[in-house]
Peer 1: 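After the structure tokens below, expect a handful of questions from me.
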Amino acid sequence: MTTTASHPTAEVELAIGGMTCASCAARIEKKLNRMDGVTATVNYATEKAKVSYGDEVSVQDLIATVEATGYTAQEPAPPVRDTRDTPESSDADDELRTLRERLITAVTLAVPVVAMAMIPALQFEYWQWLSLTLAAPVVTYAAWPFHKAAFTNLRHGAATMDTLISVGTSAAFVWSLWALFFGTAGEPGMTHPFELTISRGDGSGNIYLEAAAGVTAFILAGRYFEARSKRKAGAALKALLELGAKDVTVLGADGGERTIPVSELKVGDRFLVRPGEKIATDGTVVEGSSAVDASMLTGESVPVEVARGDAVTGATLNAGGRLVVEATRVGADTQLARMARLVEDAQNGKAAAQRLADRISAVFVPIVIALALGTLGFWFGTGAGPAAAFTAAVAVLIIACPCALGLATPTALMVGTGRGAQLGILIKGPEVLESTRKVDTIVLDKTGTVTTGRMTLLAVHTGDNAEESEVLRLAGALEHASEHPIARAVAEGALEKLGSLPTPEDFANVPGLGVQGVVDGHAVLVGREQLLAMGVPPLERSREWGRAMELPASLAHAKSEAEAAGRTAIAVAWDGEARAVLEVADAVKETSPEAIRRLRDLGLTPILLTGDNRAVAESVAREVGIAPEHVIAEVLPQDKADVVKRLQGEGRSVAMVGDGVNDAAALAQADLGLAMGTGTDAAIEAGDLTLVRGDLRVAADAIRLSRRTLGTIRSNLFWAFAYNVAALPLAAAGLLNPMIAGAAMAFSSVFVVGNSLRLRSFRAAD
């Protein structure tokens with residue numbers, strides 16, 4: 001019989017409740033992955049499961065499986081206008097408040113219990129009975145979440161960190177009850193010294209209430225600060241989601257205004273953005289001009305000037321004049337929503353090292369229980385007495401918490417990706433971090449990445465009989481009437497310097513050569529040198545044309561130098577005489593040379609890749625500081641991926657930076673793809689890192705942040721593993737009091753989260 005493999009056809013993200021450690025996440029993940037056609041990843045830090053499933057499985061089936069494992073699961077909440085009012089946020093607040101109440105109870109009651117056990121002078125005649133009175137609420141009420149979770153897991157035949165804590169504290173408490181009621185510990189005047197090791201007599205006259213109460217207080221404190229730190233770690237994503245405007249003023253066909261929620265905005269709607277307001281969604285300016293502050297999305301502090309025809313992004317701030325914008329993307333399609341989705345997906349992912357930690361956590365608890373029983377038997381066998389054996393076994397149970405292992409990667413990812421989003425750097429997933437560590441070569445697409453991607457007027461060379469302002473006024477006026485990219489570059493350059501241009505009285509396009517016309521009574525020619533040499537037929541109002549013109553020696557030399565540098569040279573003539581040469585080219589971004597230097601400082605070899613001719617490519621390379629031997633020119637769009645493949649074949653680990661549709665295949669082929677957020681959707685989809693700003697310097701910042709995040713993950717895992725490797729033998733050897741073990745275990749989780757939070761201080765290079 002032949003069976004057909006089931007392939008996932010849908011994805012869902014479930015909110016998981018009841019997890020208390022990494023082994024809980026591993027159990028849920030294991031159960032879900034056993035279902036036909038299901039692939040699941042469960043993240044302890046974010047308390048979410050990302051699940052891919054086939055047609056034969058429903059979301060309710062997935063939820064039922066999670067609940068059968070002993071936990072809760074919920075479908076994604078519907079979109080709401082303000083994330084601060086979501087049920088998820090409210091549940092998190094309630095959980096934190098309950099945890100705080102239990103912690104206050106535990107600390108208030110445990111402190112005197114520990115003090116009496118540590119200081120013999122406080123051990124009055126019936127001190128042990130006061131200790132029991134104070135410790136009982138701590139071990140029952142304050143520690144109830146541990147006992148409840150342990151019982152739930154026991155019903156499902158599983159053991160987690162809560163099992164270790166519950167068994168350890170309960171054993172210490174029950175032992176103390178036996179000693180008080182059936183041993184000699186309840187006799188008036190009983191005293192004993194406080195010791196950090198396991199030695200405490202024969203056991204019948206000793207109590208361990210300080211261990212039961214102290215361990216509970218320490219672990220609750222660790223869990224409370226861990227929960228607070230986890231919320232801080234996810235704060236960047238929450239802030240990102242809250243950036244958008246809540247309401248928008250829509251303009252009707254009759255010019256009337258009405259205010260609606262942003263969620264009701266549709267593609268094609270025109271809306272008003274007043275000074276100081278946030279732009280409601282992605283769109284195109286159809287009326288007005290202003291400066292837009294995009295720092296909340298891109299990290300770029302300098303406002304961008306926008307006018308009619310320019311694209312604007314939702315959630316950015318209108319810092320200047322009144323704008324009317326036509327919506328082009330709404331809801332989940334906006335750049336803000338896509339950024340949030342990328343960040344959340346990255347936070348839900350797992351690095352290879354974390355998967356190893358998860359596998360260890362899954363079997364860790366049963367091994368620890370077995371080790372505790374072995375420790376108990378060993379100390380009994382050596383004749384150390386029941387008290388010594390019991391104390392060592394309880395210390396083993398309490399010290400061996402796998403929480404730090406489970407938090408090592410997720411918390412660092414949450415903080416790192418969140419900080420990246422604030423700086424305009426979107427990391428797609430944890431596997432990307434591994435790639436940033438290995439890359440040694442970075443391939444840079446020229447157009448739109450190293451250069452601006454649009455033609456720009458770079459220089460004006462004038463003859464002896466012309467002024468630059470006059471050249472720009474006449475040539476700019478004539479070119480302003482043309483739609484050619486080179487003509488637009490000349491016109492924009494002239495407008496930028498002069499502010500306004502006259503209107504041509506006559507205009508005609510000469511296909512393939514340039515334009516001619518009359519401006520302020522002057523017969524003007526702008527175009528190739530051939531246009532001047534051929535003797536153009538006169539326009540109606542110009543009788544001066546019809547004879548050939550030549551460039552004087554100085555202008556001919558300027559033209560030759562411009563063309564040698566890969567630029568386009570444009571001749572300007574009027575009233576029958578050649579007057580100037582203009583240089584137009586795709587200008588290098590001002591920040592590109594600095595970006596190349598930073599990439600080189602990171603140990604990367606920059607390579608310029610372009611379809612332009614070699615002269616143009618080498619000119620750009622010289623300007624930004626790339627060696628000629630690292631220029632690959634005249635490459636067809638479809639061959640860019642082959643170039644990346646060839647470099648990989650030479651043993652290089654290659655990163656690729658690009659922004660166009662023709663870069664998508666190369667971005668996907670590269671070991672690390674960095675897509676400029678100002679580029680096409682295809683390029684962004686193919687990249688591993690998205691740089692929201694069109695600034696190449698952000699590529700260096702992205703690699704630095706990724707490497708630092710990876711370094712934090714590695715240090716977290718090292719300390720989590722080292723802690724368990726070092727602490728378990730100490731506990732088994734009788735060198736740790738259970739209360740000290742509880743404090744150390746709580747500190748390990750707080751340390752890992754605190755180490756991750758240091759990523760919030762990451763700054764882009766100046």
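Both backbone and side-chain heavy atoms feed into the values below; hydrogens, waters and symmetry mates do not.
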Peer 1: With a 4.5 Å cut-off on side-chain heavy atoms, are Val113 and Leu109 touching?
Peer 2: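 The answer is no, as the side chains (C-beta and beyond) never meet within the 4.5 Å cut-off.
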Peer 1: Any salt bridge between Lys50 and Glu13, counting N to O under 4.0 Å?
Peer 2: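 Judged by the 4.0 Å cut-off on N to carboxylate O distance, Lys50 and Glu13 do not form a salt bridge.
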Peer 1: Over all heavy atoms of both residues, which pair between Leu689 and Ala702 is shortest? Give the atoms and the distance, please.
Peer 2: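 The pair with the smallest heavy-atom distance is CD1-CB, 4.2 Å.
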Peer 1: What's the separation between atom OG in Ser166 and atom CH2 in Trp144, rounded to the nearest 0.5 Å?
Peer 2: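 Result: 9.0 Å between the selected atoms.
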Peer 1: Got Leu62 and Val38 here, is their nearest side-chain heavy-atom distance under 4.5 Å?
Peer 2: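 Yes; the side chains approach each other to less than 4.5 Å.
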Peer 1: Could you pull out the closest heavy-atom pair between Pro137 and Thr133, with the gap in Å?
Peer 2: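 Looking at all heavy atoms of both residues, the closest pair is CD-O, 3.1 Å.
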Peer 1: Quick one, Leu132 and Ser176 - any side-chain contact, counting heavy atoms below 4.5 Å?
Peer 2: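 No, every pair of side-chain atoms sits at 4.5 Å or beyond.
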Peer 1: Is it true that Ser756 and Asn716 share a donor-acceptor pair across their side chains at a distance under 3.5 Å?
Peer 2: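 There is such a pair between these side chains.
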Peer 1: How about Arg707 and Val439: do any of their side-chain heavy atoms sit closer than 4.5 Å?
Peer 2: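 Yes - at least one pair of side-chain heavy atoms lies under 4.5 Å apart.
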Peer 1: Please find the pair of heavy atoms, one from Ala393 and one from Thr375, that lie closest to each other, and give the distance.
Peer 2: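 For Ala393 versus Thr375, the nearest heavy atoms are N-CG2, 4.1 Å.
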Peer 1: Can you tell me how far CG of Leu209 sits from OG of Ser131, rounded to the nearest 0.5 angstrom?
Peer 2: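 It comes to 6.0 Å.
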Peer 1: Indicate yes or no: at least one non-hydrogen side-chain atom of Val66 is less than 4.5 angstrom from one of Lys31.
Peer 2: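 Heavy-atom side-chain distance check fails, nothing below 4.5 Å.
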Peer 1: Is there side-chain contact between Arg27 and Lys30, with at least one heavy-atom pair below 4.5 Å?
Peer 2: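 With C-beta onward as the side chain, the pair stays apart.
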Peer 1: Where do Thr712 and Asn755 land on the side chain to side chain donor-acceptor pair (under 3.5 Å) test, with the steps shown first?
Peer 2: CA-CA 7 Å; Thr712 301; Asn755 188 43; 5.2 Å; no
Peer 1: How long is the span from the OG1 atom in Thr72 to the CD1 atom in Ile63, to the nearest 0.5 Å?
Peer 2: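 Between atom OG1 of Thr72 and atom CD1 of Ile63 there are 10.0 Å.
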Peer 1: For Gly420 and Leu705, work out which heavy atoms get closest and say how close.
Peer 2: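 The answer is CA-CD2, 3.4 Å.
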Peer 1: Before giving the answer on side-chain contact (heavy atoms from CB on, under 4.5 Å), spell out for Thr65 and Arg34 the whole-Å C-alpha distance, their side-chain angles and the decisive distance to 0.1 Å.
Peer 2: CA-CA 10 Å; Thr65 299; Arg34 282 180 177 174; over 6 Å; no
Peer 1: As an exercise, state the distance from OG1 of Thr382 to CH2 of Trp379, rounded to the nearest 0.5 Å.
Peer 2: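 Spacing of OG1 (Thr382) from CH2 (Trp379) equals 5.5 Å.
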Peer 1: Ignoring hydrogens and geometry, is there a side-chain-to-backbone donor-acceptor pair from His147 to Val139 under 3.5 Å?
Peer 2: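 Such a contact is found between His147 side chain and Val139 backbone.
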Peer 1: Checking side-chain polar atoms at under 3.5 Å, does Thr39 have a donor or acceptor matched by the opposite partner on Asn33?
Peer 2: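 Per modelled atom types, Thr39 and Asn33 side chains form no pair under 3.5 Å.
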Peer 1: Donor-acceptor check, side chain of Asp671 to backbone of Ser653, threshold 3.5 angstrom: yes or no?
Peer 2: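 Checked: no pair found.
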Peer 1: Of all the heavy-atom pairs spanning Ser761 and Arg708, show the shortest one and how long it is.
Peer 2: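 The pair with the smallest heavy-atom distance is OG-NH2, 3.4 Å.
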Peer 1: Keeping the roles fixed (side chain from Gln128, backbone from Glu187), state whether a donor-acceptor pair exists under 3.5 Å.
Peer 2: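 Side chain of Gln128 to backbone of Glu187, a donor-acceptor pair under 3.5 Å: yes, one is there.
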Peer 1: Supply the atom-to-atom distance Ile28 CD1 to Leu14 CG, rounded to the nearest 0.5 angstrom.
Peer 2: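 Rounded to the nearest 0.5 Å, the CD1-CG separation comes out at 10.0 Å.
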Peer 1: Atom CZ of Arg714 and atom CZ of Arg437: how far apart are they, to the nearest 0.5 Å?
Peer 2: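 One gets 4.5 Å once the value is rounded to the nearest 0.5 Å.
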Peer 1: Can you confirm whether Thr41 sits close enough to Glu29 that some side-chain heavy atom of one is under 4.5 Å from a side-chain heavy atom of the other?
Peer 2: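 Thr41 reaches Glu29 side chain to side chain.
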Peer 1: Cation-pi check for Tyr141 against Arg102: NZ or CZ below 6.0 Å from the six-membered ring centre and within 45 degrees of the axis, yes or no?
Peer 2: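 Here Arg102 passes the 6.0 Å and 45° test against Tyr141.
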Peer 1: Looking only at non-hydrogen atoms, find the nearest pair between Phe173 and Ala212 and report the distance.
Peer 2: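 Taking Phe173 first and Ala212 second, the nearest heavy atoms are N-CB, 4.2 Å.
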Peer 1: Quick check: do Leu103 and Leu99 have side-chain heavy atoms less than 4.5 Å from each other?
Peer 2: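 In short, these two side chains do not touch, never coming nearer than 4.5 Å.
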Peer 1: Go through the steps to decide whether Glu11 and Val51 satisfy the test side-chain contact (heavy atoms from CB on, under 4.5 Å), and finish with yes or no.
Peer 2: CA-CA 6 Å; Glu11 281 192 358; Val51 189; over 6 Å; no
Peer 1: Passes ring pair (Phe, Tyr, Trp, His ring centres under 6.0 Å), Trp175 versus Phe182? Steps please.
Peer 2: CA-CA 10 Å; Trp175 177 283; Phe182 301 103; over 10 Å; no
Peer 1: Assess the residue pair Ile104 and Glu101 against the criterion (side-chain contact (heavy atoms from CB on, under 4.5 Å)); give the C-alpha distance rounded to whole Å, side-chain angles, the decisive distance to 0.1 Å, and a yes or no.
Peer 2: CA-CA 5 Å; Ile104 291 171; Glu101 290 171 356; 5.9 Å; no
Peer 1: Donor-acceptor pair, distance only, cut-off 3.5 Å: does the side chain of Trp127 make one with the backbone of Met190?
Peer 2: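 Side chain of Trp127 to backbone of Met190: a pair is present.
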Peer 1: Please check this pair: side chain of Arg760 against backbone of Arg419, looking for a donor-acceptor N/O pair closer than 3.5 Å.
Peer 2: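 Side chain of Arg760 to backbone of Arg419, a donor-acceptor pair under 3.5 Å: no, none is there.
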